[in-house]
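In what follows, a single structure is set out as structure tokens and then discussed.
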Amino acid sequence: MKVSAALLSATLVLAACGQPVPGGNGNDGSTTPAYVPAENEATTLNQAMVPVPVGEQGPSFAACGGRGATRDAAGAEPVPVRAAPYDAAAEIDRLPAGATFFICARTFDQRWSGIVYDEGGEASARCGVAGPIAERRNYAGPCAAGWVPTARVRLVSGEPHQLSQGAAPAP
């Protein structure tokens, strides 16, 4: 009798596998409705802000060690500038093709570049990062700062004012 009761229990358990729960909503047995976030719903990821550090190479070097430009050709979709170095971060600006900027930092995995740029996407002396600073700090202005995907950045040599307006620097 004990064997048949155990066999009956095992048969009932196996028979119930894969069956929807009566009155459920199709969420794998849960009676809680599935969470569907609103398209513009605020989350911790899209509200985060990571300041761009400057002066990482020390007081003997420029506050931002490189200059860059958007890699994309004219007519391409503008490069999004984000508040933090990841895709879910809020977009704070867009840089057109050919925009120039100072490259001040990179993430550990090299996927994001922390940049500083003036209005209209220009590496300007007004930003105050072309020369040395006393110590490492987060950039606080007067220009804009944010994070762009490194894959959409190309390095540019020379002073921004030495680059002709019509000619793009070699990639």
Side-chain angles (χ1 to χ4, degrees), residues 27-28 34-171:
N27 290 333
D28 296 326
Y35 174 72
V36 180
E39 189 171 316
N40 60 354
E41 182 176 343
T43 66
T44 301
L45 285 178
N46 67 15
Q47 290 181 342
M49 184 179 154
V50 175
V52 174
V54 294
E56 290 193 319
Q57 296 175 331
S60 298
F61 295 92
C64 292
R67 287 191 175 86
T70 55
R71 180 179 294 275
D72 304 319
E77 186 175 321
V79 176
V81 179
R82 302 210 176 266
Y86 45 88
D87 291 325
E91 186 177 304
I92 56 175
D93 201 357
R94 297 184 139 254
L95 295 176
T100 60
F101 40 81
F102 295 98
I103 302 171
C104 306
R106 284 209 179 155
T107 56
F108 185 71
D109 63 5
Q110 305 294 310
R111 292 185 58 217
W112 293 90
S113 295
I115 65 167
V116 170
Y117 59 97
D118 208 352
E119 295 175 8
E122 182 182 331
S124 168
R126 181 177 90 84
C127 298
V129 294
I133 59 173
E135 61 186 34
R136 184 181 190 272
R137 60 180 168 82
N138 293 330
Y139 185 73
C143 296
W147 298 89
V148 294
T150 300
R152 299 197 58 192
V153 171
R154 63 185 161 87
L155 294 176
V156 175
S157 64
E159 294 295 321
H161 66 278
Q162 292 176 341
L163 301 175
S164 66
Q165 291 288 27

Straight-line distance of Leu155 CG to Ile103 CD1, nearest 0.5 Å: 5.0 Å
Gap separating the CD atom of Glu122 from the CG atom of Leu95, nearest 0.5 angstrom: 12.0 Å
Residue pair Val153, Phe101: steps toward the side-chain contact (heavy atoms from CB on, under 4.5 Å) verdict: CA-CA 10 Å; Val153 171; Phe101 40 81; 3.9 Å; yes
Partners meeting salt bridge (Lys or Arg N to Asp or Glu O under 4.0 Å) with Arg152 (sequence neighbours left out): Asp72
Nearest non-hydrogen partners of Val116 and Cys127, listed with the distance: CG1-CB, 3.8 Å
side-chain contact (heavy atoms from CB on, under 4.5 Å) partners of Gln57, counting only residues at least two apart: Phe61
Heavy-atom check, side chain of Val79 versus side chain of Pro149, under 4.5 Å: yes
Heavy-atom closest pair, residues Ile133 and Gly128: CG2-O, 4.5 Å
Shortest non-hydrogen separation from Pro59 to Ala134 and the atoms involved: CB-O, 3.8 Å
Heavy atoms of other groups near Glu119 CD, more than 12 under 6.0 Å: no
With Ala144 via side-chain contact (heavy atoms from CB on, under 4.5 Å) - residues at least two apart: Tyr117
Selection residues 127-148 - residue pairs positive for side chain to side chain donor-acceptor pair (under 3.5 Å), sequence neighbours left out: Glu56-Arg136
Non-hydrogen atoms of Gly98 and Thr70 that approach each other most closely: N-OG1, 2.7 Å
Minimal non-hydrogen separation, Val52 against Ala145, with atom names: CG2-CB, 4.0 Å
Contact summary for Ala83 and Ala89, nearest pair of heavy atoms: N-CB, 4.4 Å
Reported CH2-to-OG1 distance for the pair Trp112 and Thr150, which is rounded to 0.5 angstrom: 8.5 Å
Reported CZ-to-CZ distance for the pair Arg82 and Arg94, which is rounded to 0.5 angstrom: 8.0 Å
Salt bridge (Lys or Arg N to Asp or Glu O under 4.0 Å) against Asp93, all qualifying residues, sequence neighbours excluded: none
Qualifying salt bridge (charged side-chain N to carboxylate O under 4.0 Å, His left out) pairs, either residue in residues 103-118, two or more places apart: Asp118-Arg126
